[in-house]
Amino acid sequence: MVVTTGATEAIAAAILAFVGPGDEVVTFEPYYDSYAAMIGLANAKHNVVQLELPDFQPDLAKLRAAVTDNTRMIILNNPHNPTGSVFGDDVLNEIIALAHKHDCIILSDEVYEHLTFGLSHVPVSTLPDGFERTITISSAGKSFSFTGWKVGWATGPEKLITGVRTVKQFLTYSSGPAFQPAVAQALSLPDNFFQQFAASLSHTCGLLADSLEESGIPVFRPRGTYFLVADVSQLGYQDATDLARLLPERLGVAAIPMSVFVHPENRQAYSSLLRFAFCKKESVIIEAAHRLRGLSELAR
Ligand SMILES: Cc1ncc(COP(=O)(O)O)c(C=O)c1O
C-alpha cells in the first residue's frame, strides 16, 4: 500500500508510472476530470466507452472493441462519478478478462466504495483473476468526508504499488503524516458507521431527487456516490450549461453540466444533463430542495 495526497495523487502517480507517450488508456465516459488531465500529461491517447442511459451502464461489445493490444491501462471508477452508477459483476469481469487478454493494468478508482445505496460494493480486485493486474484507489476524503485532509491510498500487488510509490516519491514524498493515524483509526470503525453514513447520504439524495421530480425534471437516481444527474431538457434547455450559469444567481444553487466530463466531440450526447451534489447537511439540502421548486420560473 502507498498513502498519497488524496486519491488525486494516487491517480496521477499510477498513470505516470505505467502509461507513456503513444500508449492508449480506456475510460468510461463521462469520466472524472483528473483522468483526462493525467492521460494528457503522460502524452497518451484517451479512448472512451460511453455509459448509456437510462442506467449509465456500458455496452460490453463496445467495451471489447475499445480495448486492444495498444491499451496500457483501463481506468474504472466504481461507484461512478459523475453518474452515480454502480457497475455489475458482468462489467467488472469483462474488464478483468480484457486486461488479461491485452496485457494491461486496471486502475480502479473506488473512492466511493462505502457510499452505495441498498447494494454492496464489489472491489474488482476481489473477483477471480482481478487482483494481479489491479491498482485500487481509496480516499479518506470520501469515506469520512474529510476532503480537505487529502489522504488517499493505493493498494494492489507489490510490483504495481512499487511503481506508484516510485513516482509518488518525486511528486510529494509524504502525505498528511499527522492525519494518517486518525485515518487509520477511522478505518477500524465498525460497519454500522459506514452503513449510517451511506444511509444519511441516501436520505439527502432522496430529498433532492424528490424536489427535482416534483418540478417536472427527470432524475436518474444514483446507486451510490455524492451525485445525482437530472435531465433539464423538459425545462427547454437542450444545453444544461445555460441553466447551470443561471442557477447560482437566480436560485442560489449550483450544479455542474455533464458535458464538462466528456470529450468535446461527444458533448451532444450528454448536453441536457446536470449533476447535483447531495453531500451536504440535511438543512442545506432541504433549503436547496425548496429553492429548486422555483425552477419552473426559469423554463423557456
Ligand atoms: C472519482 C473520484 N476520484 C478521485 C477523486 C479525488 O479524491 P481526493 O479528494 O481524495 O483527491 C474524486 C473527488 O471528487 C472523485 O470524485
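Indexing begins at 1, ligand by ligand and atom by atom, following the structure's order.
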Checklist line | 4.0 Å heavy-atom contact, Tyr226 with ligand 1 | finding: no

Check: For ligand 1, which atoms sit closer than 4.0 Å to a heavy atom of Ser139?
Finding: 8 (P), 10 (O)

Checklist line | Protein contact of atom 9 (O) of ligand 1 - nearest heavy atom, named by residue and atom, plus distance | finding: Lys150 NZ, 3.0 Å

Note to self: Show me which atoms of ligand 1 lie under 4.0 Å from any heavy atom of Val111.
What the structure shows: 1 (C), 2 (C), 3 (N), 15 (C)

Checklist line | Any N or O of Thr147 closer than 3.5 Å to N or O of ligand 1 | finding: no

Next item on the list: Could you tell me which atoms of ligand 1, counted from 1 in the order shown, lie closer than 4.0 angstrom to a heavy atom of Asn77?
Entry: 1 (C)

Notebook entry, point to check: Between Phe227 and His80, does the ring centroid distance fall short of 6.0 Å?
Noted result: no

Next item on the list: Say whether Asp109, considering both its backbone and side-chain N or O atoms, lies within less than 3.5 Å of an N or O atom on ligand 1.
Entry: yes

Margin query: Checking the N or O distance criterion of under 3.5 Å, is ligand 1 in contact with Asn81?
Written below: yes

Item checked: Min N/O separation Ala7 to ligand 1 under 3.5 Å -> yes

Margin query: Checking side-chain contact (heavy atoms from CB on, under 4.5 Å) between Cys104 and each of Thr68, Val67, Asp69, which is the one that passes?
Written below: Val67

Check: Is the shortest N/O to N/O distance between Thr5 and ligand 1 below 3.5 Å?
Finding: no

Checklist line | Stepwise side-chain hydrogen bond (donor to acceptor under 3.5 Å, both in side chains) check, His263 with Tyr31 | finding: CA-CA 9 Å; His263 282 6; Tyr31 45 77; 2.7 Å; yes

Note to self: Using ring centroids (six-membered ring only for Trp), state whether Phe87 and Phe28 fall under 6.0 Å.
What the structure shows: yes

Next item on the list: Please test Arg250 against Glu297 for salt bridge (Lys or Arg N to Asp or Glu O under 4.0 Å), starting from the C-alpha separation and ending with a verdict.
Entry: CA-CA 10 Å; Arg250 298 286 293 275; Glu297 289 160 27; 5.8 Å; no

Check: Using 4.0 Å as the upper bound for N to carboxylate O, is an ion pair formed by Asp210 and Arg221?
Finding: yes

Item checked: Derivation of the ring pair (Phe, Tyr, Trp, His ring centres under 6.0 Å) call for Phe194 and Phe144 -> CA-CA 9 Å; Phe194 297 97; Phe144 305 107; 5.7 Å; yes

Notebook entry, point to check: Tell me, which protein residue and heavy-atom name are nearest atom 13 (C) of ligand 1, and how many Å apart are they?
Noted result: Lys142 NZ, 2.8 Å

Check: More than 12 non-hydrogen atoms from neighbouring residues, nucleotides or ligands closer than 6.0 Å to CZ on Arg293, yes or no?
Finding: yes

